[in-house]
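To start, the structure itself, in structure tokens.
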Amino acid sequence: MAHLAGADSLSGLQESSRTILDHYQSQVRTRRIYTVVSIVVFLIILGASLDFANSANSGKFFERLPYFFDFMKSFVPDSPLEIFRAMFDLPSPFSDGSIKYDYTSDRVWITDSFYIPNFFYQLAITLNIAIVSTILGASGAFLLCFFASTNLVGAGVTRWVVRRIMEIMRAFPEIVIAGLLAAILSIGPISAIIAVWVHTVGALGKLFFEVVENADMKPDEGLRAAGAGWLERVRFAILPQVLPNFVSYTLLRTEINVRASTIIGAVGGGGIGEVFSLSIGRDHAAKTYAIIILLLITVICVDQFSAWLRRRLIGKQSFEFGRGAA
């Protein structure tokens, strides 16, 4: 009898395992079907989008695709040294009286014997736009993020209003805001600073309040039990937890704003973007490549400086932990 009972138990276990396996295999088949259908739908939408883009491009996109690099082949300076001369405003042996080879007239003289190359001066304007707008934007996001956090103000009117304000501020790209401000305030760095600042407040504000909402609320509960006010709880319970992330996000936003400031220069925001737009539009190859090299070096330097500063502020242990896990 015991043998028969054991056999029945084993048979029941096998039947249960078989049921689970069949159910699992059924789910796998269903998931594969959904995956295939999703890929097919995606490819259909992609094909329709490409066809629409080709039609909107007067039907010449695919026909002109083999000639994609023809512009780069023809857009070549007379000599590799011309890039160096254009970068440092040095006289050109190819000078023919045109502005294409007239590098020396763009010098920004500091004294009678010392000048700053024009591209370096314009690059400094772009960096100033990015840094000032980042500082102002991070300050605004810092002030707003605590009022947008559910764990600090609840789900009332204050939270709703502040979040809608930040959504509006980041709804439009910087270049759109700069174009609007250029029509109102005229072209120049001020319009660029305001445009980047507005978008930075909205973008960083969202990141900041999400960090605040993920903070540990036990210190806040302790301070509340001790009779601390709202500002004291934010200062001593929340801020020490979230400040490293705030700094990291701000440094990342600085890198983004350097590129955004360059793009805004093309619509009248001043800086290196404006001279880049003029150079490529006038077919000045040496000047264009000089600006591209300067921008590439600048982006690399900003990225490396941000990484170094994050290590100093946040601590090397965070980076070592990630490296060990990898």
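Just so you know, these numbers come straight off a predicted model, no measurement behind them.
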Q. What closest approach, in Å, do D283 and K100 show between heavy atoms, and which atom pair accounts for it?
A. O-CE, 3.7 Å
**Q.** Trace of the side chain to side chain contact (heavy atoms under 4.5 Å, CB included) decision for S279 with I291
**A.** CA-CA 9 Å; S279 297; I291 295 172; 3.9 Å; yes
(Q) Could you check whether R164 pairs with E167 (Lys NZ or Arg NE/NH1/NH2 to Asp/Glu carboxylate O, under 4.0 Å)? (A) yes
**Q.** Joint cluster assignment, L50 & I39, ILVMFWY side-chain distance < 4.5 Å
**A.** yes
Q) Would you say the side-chain atoms of R170 pair up with the backbone N or O of A203, donor to acceptor, closer than 3.5 Å? A) no
Q. Looking at CG of L223 and CD1 of I238, how far apart are the two atoms once the value is rounded to the nearest 0.5 Å?
A. 9.0 Å
(Q) Give me each pair satisfying salt bridge (Lys or Arg N to Asp or Glu O under 4.0 Å) with a member in residues 154-163, each pair once, sequence neighbours excluded. (A) R163-E213
Q: Report yes if the side chains of V176 and L180 come closer than 4.5 Å at any heavy-atom pair, otherwise no.
A: no
Q: Might you work through the side chain to side chain contact (heavy atoms under 4.5 Å, CB included) test for W109 and F114, ending with a clear yes or no?
A: CA-CA 6 Å; W109 292 94; F114 177 76; 6.0 Å; no
Q: Mind jotting down which residue pairs meet the salt bridge (Lys or Arg N to Asp or Glu O under 4.0 Å) criterion with at least one end in residues 233-250? Sequence neighbours excluded, please.
A: D220-R233
**Q.** Passing candidate, side chain to side chain contact (heavy atoms under 4.5 Å, CB included) with N257, options I193, T262, T134
**A.** T134
Q: Evaluate side chain to side chain contact (heavy atoms under 4.5 Å, CB included) for M166 paired with L144, printing each intermediate quantity in order.
A: CA-CA 9 Å; M166 290 191 292; L144 292 176; 4.2 Å; yes
Q.
Can a donor-acceptor pair be found, under 3.5 Å and without considering hydrogens, that links the side chain of T126 to the backbone of I272?
A. yes
**Q.** From CG (D51) to CG (L46), nearest 0.5 Å
**A.** 11.0 Å
(Q) Any side-chain to backbone donor/acceptor pair from Y289 onto F75? Under 3.5 Å, distance only. (A) yes
Q) Taking all non-hydrogen atoms of both residues, which atom of S139 and which atom of I135 are closest, and how far apart? A) OG-O, 2.7 Å
Q: Evaluate the side-chain proximity of L295 to L123: yes if any heavy-atom separation is below 4.5 Å, no if none is.
A: yes
(Q) Does any part of the side chain of I125, heavy atoms only, come nearer than 4.5 Å to the side chain of Y121, both counted from C-beta? (A) yes
Q: Ignoring hydrogens and angles, tell me if any N or O in the side chain of S149 forms a donor-acceptor pair with the backbone of N151 under 3.5 Å.
A: no
(Q) On a heavy-atom basis, which atom in D89 and which in P117 lie closest, and how many Å separate them? (A) OD2-CA, 3.2 Å
Q. How are the rings of F84 and F88 set relative to one another: parallel (under 30°), tilted (30 to 60°) or perpendicular (over 60°)?
A. tilted
Q.
Is the distance between the ring centroids of W230 and F147 under 6.0 Å?
A. yes
Q) Is any side-chain heavy atom of Y103 closer than 4.5 Å to a side-chain heavy atom of P91? A) no
Q: Output all residues satisfying salt bridge (charged side-chain N to carboxylate O under 4.0 Å, His left out) with R85, sequence neighbours left out; order by chain, then residue number.
A: E82
Q.
Distance check, rounded to the nearest 0.5 Å: N245 atom CG versus E210 atom CD?
A. 11.5 Å
Q.
Tell me whether the rings of F246 and F142 are parallel (<30°), tilted (30 to 60°) or perpendicular (>60°).
A. perpendicular
Q | Residue pair P219 / D216, side-chain heavy-atom distance below 4.5 Å | A | yes
Q | Student check: side-chain heavy atoms of T104 and D102 closer than 4.5 Å | A | yes
Q. Just wondering, are more than 12 heavy atoms of other shown residues or ligands nearer than 6.0 Å to OH in Y115?
A. yes
Q | Exam field: side chain S95 to backbone S92, donor-acceptor pair closer than 3.5 Å | A | no
**Q.** Close side-chain approach of E174 and S261, heavy atoms under 4.5 Å
**A.** no
Q) Atom CD1 in I33, atom CZ in R29: separation rounded to 0.5 Å? A) 8.0 Å
**Q.** Joint cluster assignment, V275 & Y101, ILVMFWY side-chain distance < 4.5 Å
**A.** no
Q. Between V242 and V153, is there a shared hydrophobic cluster once you connect ILVMFWY residues whose side-chain heavy atoms come closer than 4.5 Å?
A. yes
Q: Mind checking the OG-CZ spacing from S133 to R253? Nearest 0.5 Å is all I need.
A: 8.5 Å
Q) Would a hydrophobic clustering, with Ile, Leu, Val, Met, Phe, Trp and Tyr connected at side-chain separations under 4.5 Å, put I256 with I129? A) no
Q.
Please find the pair of heavy atoms, one from F209 and one from C145, that lie closest to each other, and give the distance.
A. CB-O, 3.3 Å
Q | Nearest non-hydrogen partners of N118 and D106, listed with the distance | A | CB-O, 3.0 Å
Q) Is a side-chain N or O of Q304 found less than 3.5 angstrom from the main chain of C301, in a donor-acceptor match? A) no
Q) Within the side chain of T35, is there an N or O that forms a donor-acceptor pair under 3.5 Å with the backbone of R31? A) yes
(Q) I need the minimum non-hydrogen distance between S306 and E255, along with the two atoms involved. (A) CB-OE2, 3.2 Å
Q.
Just so I know, are the side chains of F276 and I292 near enough to count as touching, which here means a heavy-atom distance under 4.5 Å?
A. yes
Q) Any link between W308 and V247 through a network of hydrophobic side chains (Ile, Leu, Val, Met, Phe, Trp, Tyr) touching at under 4.5 Å? A) yes
Q.
Is it the case that the side chain of D303 and the backbone of V299 share a donor-acceptor pair, with hydrogens and angles ignored and the cut-off at 3.5 Å?
A. no
Q | Derivation and outcome, side chain to side chain contact (heavy atoms under 4.5 Å, CB included), residues L239 and F146 | A | CA-CA 10 Å; L239 193 57; F146 300 106; 4.1 Å; yes
